[in-house]
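Below: the structure, in structure tokens.
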Amino acid sequence: MIAIDQLCYRSKLRYHNAGEKFAFTTLTLLFCVVSRSVVIAGIVLVTTGILTIYKGGIPFFRYLKFLTVPLVFLILSTVAIVLNVSKTPSDLFALSIGSWYLTGSKASLLYAVQLILTALASVSCLYFFSFSTPITDFIHVLQKLHCPRLIIELMLLIYRFIFILMEISSAITTAQNSRLGNKDFITSCKSFGFMASALLIRAIKKSNLLYDAMESRCYDGTIRVLHENFPPKRREILYILLFETFLLAVTVILRLR
Amino acid sequence: MKDIILKAQELYFSYDDENTHSLNGLSLEIQRGKKVAFMGANGSGKSTFFLCCNGIHRPSSGTLFVDGKPIDYSKKGLLDLRQKVGIVFQDPDNQLFSASVYQEISFGILNLGISEEEAQKEVEKVIADLEITPFRHKPTHALSGGQKKQVSIADILVMHPQIIILDEPAAALDPKHTQKVNHIVDEMTQQGITVLMSTHDVDYAYQWADQIFLFKDGRVLSQGTPTEVFADQNALEETNLHQPTVMKLYFRLCEKGILDPSFPVPKNLQELEQYIENIHL
Amino acid sequence: MKDIILKAQELYFSYDDENTHSLNGLSLEIQRGKKVAFMGANGSGKSTFFLCCNGIHRPSSGTLFVDGKPIDYSKKGLLDLRQKVGIVFQDPDNQLFSASVYQEISFGILNLGISEEEAQKEVEKVIADLEITPFRHKPTHALSGGQKKQVSIADILVMHPQIIILDEPAAALDPKHTQKVNHIVDEMTQQGITVLMSTHDVDYAYQWADQIFLFKDGRVLSQGTPTEVFADQNALEETNLHQPTVMKLYFRLCEKGILDPSFPVPKNLQELEQYIENIHL
Amino acid sequence: MTKKQKKIVLLSTIFALTFGITPAVSAMHIMEGYLPGTYCIAWGILCIPFLAAGFFSMKKTVAANSRLLPLLAMAGAFVFVISSLKIPSVTGSCSHMTGTGLGAILFGPSAVSILGIIVLLFQAILLAHGGLTTLGANTFSMAVAGPFVSYGVFLLCKKANVNRKVSVFLAATLGDLFTYCVTAIQMAFAHHADTSIAGAMGKFLTVFAPTQIPLAIIEGILTVLIISALETY
């Protein structure tokens, strides 16, 4: 129902240690964001792309499609950065509107390109993680990082409930559409309102039933569950360390220049 | 000439990337006014086919003819189609979304663009017909499962479709409400509505249906009259179904020479009992 | 002496404002290791009674004895009780709270205060026993209804309860998964677990159960062996149930002198067919 | 067609297939990697007091009644699902609600802050709306600022005896608009290459206005419809 979720359970990287994957993701993200360099972005884009597509087995075109998810945001914000309205024309281009200019500078274009690449590289990094690691494994990593128990338990439940509610909402929407509930904009809005309120009522009812079911399995206020362990591998840790050291080196060299 | 109301020609459909629940070259023909049962494992494509019938899903290839015309997937075409083909979903909780029974039932018919007064009349009529009056003023979420089912059927009946599809109408109902629903279904047929129903209840399908389709892996494995389909031992085994008890015992009794095999196969328990009653040893 | 594992004495219970689903002086006794079917309309109190059995509901008056002792409603007493009495709920979506099958199954047993290693062993064992291995790494939301059911049974079995309650285990399952669940239930009984099951399927209850309780309006209307209960025409009518087909036909054939009424009533279709097979006219 | 023309057609088809699939206008999530490190941390720190307050009050209520845990989780899942659904639109483009106003009115702003950060985390990982590094900034705009404004407006309207539907509409719409302003401020602080911060903010506001203002209004209308449907139960 959620494409990324479906794909990550089929990833060939799924049974690798989630902690490793998380460390790789966060460290690489850190270098992307801190260095903000085109070179680092390029390295990261290629590396995570290879990992996700080749090692993880995510289909190439679907991966490309996912990289375009933040496209609208990217285009609009880039326009905002590059375009300027000013009385003096800048060096890249300038369109005169009366006594003003709609203009952009080379520096701002360079800045925007750098930003786009950094953002795309970061997204590819995030995708490496979400295309290879089921949320339940991620929650376990957070637990090991001493995230408060209440948050962990909420995340565990919310992740499951999301799918219960999505199933209900899509079933109700289908039923509404079967009765012409999408015939025009106003009817669609009404249908959406009905659906959402019915969904909330169902959600509240379900939460009570689930609580009863948990209680009947001796729930005492603490959710304890076992986790399947996929122990970290020394060689992989070494690779990650090497890669991050490499990124560090590149960052330092670029700074010194 | 046969009056074909629904015809599927080599339908293919698959959900994003899953292989289950998909259609793999489904072809079938249904005559107007018939009672048709669809059987087969969950995930064999019954519900997917139903959702194709009213245009919620669009087959990736193949054509579906309703009333002799291929489905028109334009906005207007779909609205017309959905007026003709109504689906009563399996779980009423996934169909009912209004707080009040009245509002719920009127939703579909008002979307047809009918005047409020006329809609009101129709709603009142269906409330009376389906015996919803005793609980019509209760909020929908306080209804019992069986009552919700009645309302979800009323939802569709009020729109006067030519074809009604019932997805496992008796699932999770208690005997009393199963009877009630079966009764309502019988009345639909009497009104000339073509009824398509998916069910896992072999004995019910055997006695109710004019025609049965056994689905497997998104296509029709076996079809025909109940007696034909349930005589096909291979198909039954492949779909994990068993022969209806009445039919099985009738054949056993025939084998032993107790009943006369030249009579038509009894359609239900009453008929078989009648046969036994008439035995003169 | 009979070994009574569960005994209800004049239970009364009512939900806030509704009258249905409540208990009105319910009394019954269940022997250890038996297979017990609960039948009756929805809202006749079966599920409410089940929730009383493991202390989710507390009767307003009357006593419930488990293993000879009245239920202790202290925190510790309830945990003990819930270890002994496990409920598999009707809709797995109302029971499974975790997206991971492994986590889900481990929840109950970890609550018993067992070490992680031991829990792990038990979870692995139940996963193998209930044939969950093929989909153990799938997320809960990607499972089919039948698979979810298997997991929801594993949830309870892993805790090694003495009594397992199944609330309409076959509702909405297709024939294949119904067979699978029935098979699992048979194995439970062989392990000496007392199994309580609510069902609307007359034919199944007839052949499966050692004892049947017919519920109506929160009390027991009729009880006994399947043959006894299903011979009680009045009680059947009051609860909208019909006689099992096998039983009905057997009596018809006896009336006609084709079968010998001195034999025990056949428990299932196979037995009846055997009887017919043995006829020498 | 010449070879060259064919090539162009093929290339443009591939381009359309890969990039032309109208990407969802995800409300106002700042995408992964868009903010420099210092801003990520700064906005994160700014959230802490709100999150801490939300956390402790939630912990207290759950400790008092553990039945509220699954209920809160359902509320969180509800906000996620509502904000991930395509909403009806006039133009046919596909967009989502933020759900912040609805959440704040239904569950209160402090609960929404904690649920919000979890929902945003899931949105980042499952839907690629927002990101891990921008979690702090997005939490501040969507789980703190928006809900508090919504709730404040809602309370004010209540005190002023404004019609309930109007107050729900105002709360949701203004909350949404405020979120959008905060996001613009966040981006302006980080990226003001050519102009002043205020100038950059003006530009971000202008560029996002055509998608965000209609969205805020639709969000308001839908929230009213949902709340009034709920009231009939």
Side-chain angles (χ1 to χ4, degrees), chain A residues 2 4-5 29 32-34 36 61 64-66 68-74 76-77 79-81 83-84 105 107-108 111 115 118-119 121-123 126 130 135 148 150 153-155 157-158 161-162 165-166 169 185 188-190 192-194 196-197 199-201 203-204 206-207 210-211 221, chain D residues 18-19 21 23-26 29 31-37 40 55 58-59 62 66-67 69-78 80-82 85 87-88 90 106 114 118 122 124-128 131-133 187 191 193-195 200 203-204 206-208 221-222 225-226 228-230 233:
Chain A
I2 295 178
I4 293 181
D5 185 70
L29 258 177
C32 277
V33 170
V34 170
R36 311 203 75 76
F61 276 99
L64 268 193
K65 210 172 120 185
F66 275 106
T68 66
V69 167
L71 207 64
V72 169
F73 179 89
L74 216 49
L76 288 179
S77 51
V79 166
I81 287 171
L83 276 189
N84 249 324
S105 68
S108 65
Y111 185 86
L115 190 54
T118 306
S122 310
V123 169
L126 175 67
S130 49
I135 293 276
L150 175 64
E153 292 183 354
L154 273 175
M155 286 181 77
L157 294 176
I158 288 178
F161 294 172
I162 282 174
L165 296 188
M166 280 191 123
S169 91
F185 177 67
S188 300
C189 282
K190 270 193 205 155
F192 190 89
F194 279 135
S197 65
L199 187 67
L200 186 63
I201 299 287
I204 293 168
K206 286 232 172 228
S207 87
L210 271 152
Y211 184 81
Chain D
T18 40
F19 298 104
I21 305 106
V25 183
S26 63
H29 297 80
M31 74 180 286
E32 184 73 288
Y34 212 78
L35 295 182
C40 298
F55 178 77
M58 195 180 269
K59 200 169 176 182
V62 170
S66 51
R67 195 174 274 274
L69 183 75
L71 188 64
L72 282 167
M74 275 294 180
F78 178 74
F80 180 97
V81 171
I82 287 296
L85 290 174
I87 54 174
V90 202
L106 289 174
I114 291 291
I118 296 177
F122 282 164
I125 294 177
L126 294 174
L127 307 173
L132 298 179
T133 56
M187 305 227 294
H191 307 295
D194 277 0
T195 51
K203 285 197 290 175
F204 281 117
T206 322
V207 154
F208 283 100
I221 295 171
L222 290 177
L225 284 170
I226 295 170
S228 49
L230 274 174
Y233 276 98

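First the proteins, then the strands, lettered A, B, ... as listed; each starts at 1.
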Considering only heavy atoms from C-beta outward, does the side chain of [X] approach that of [Y] to under 4.5 Å?
X       : Y       : answer
L210(A) : F161(A) : yes
L76(A)  : F204(D) : no
L127(D) : I4(A)   : no
N84(A)  : S105(A) : no
F208(D) : M187(D) : yes

Could you tell me if the ring centre of H29(D) sits under 6.0 Å from that of F73(A)?
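Here the rings of F73(A) and H29(D) have centres that are no less than 6.0 Å from each other.
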If we define contacts as heavy-atom pairs under 4.5 Å, which of [options] has the most with chain D?
options                   : answer
I2(A), I158(A), T118(A)   : I158(A)
M155(A), E153(A), K206(A) : M155(A)
S130(A), S207(A), G193(A) : S207(A)

Taking side chain as everything from C-beta outward and backbone as N, CA, C, O, which of these in [X] sits under 4.5 Å from a heavy atom of chain D? Side chain, backbone, both or neither.
X       : answer
I204(A) : both
S169(A) : side chain
L200(A) : both
C32(A)  : neither

If you count heavy-atom pairs within less than 4.5 Å of chain A, which of [options] leads?
options                            : result
T206(D), L126(D), I118(D), V207(D) : L126(D)
A124(D), P36(D), A229(D), G37(D)   : P36(D)
I114(D), L106(D), I226(D), L225(D) : I226(D)
I221(D), T133(D), L72(D)           : T133(D)
K59(D), M31(D), R67(D)             : R67(D)
A75(D), G131(D), G33(D), C40(D)    : G33(D)

Could you look at Y34(D) and say if it's the side chain, the backbone, both or neither that has a heavy atom under 4.5 Å from chain A?
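Answer is both: backbone and side chain atoms of Y34(D) are under 4.5 Å from chain A.
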Any donor-acceptor N or O pair under 3.5 Å, side chains Y211(A), S66(D)
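Yes, a side-chain donor-acceptor pair sits under 3.5 Å.
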Can you tell me if E32(D) uses its side chain to pair, donor with acceptor, with the backbone of L132(D) under 3.5 Å?
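Yes, E32(D) side chain to L132(D) backbone: donor-acceptor pair under 3.5 Å.
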For residues K203(D) and L83(A), report the shortest heavy-atom separation together with the two atoms involved.
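Heavy atoms only, the tightest pair is NZ-O, 2.8 Å.
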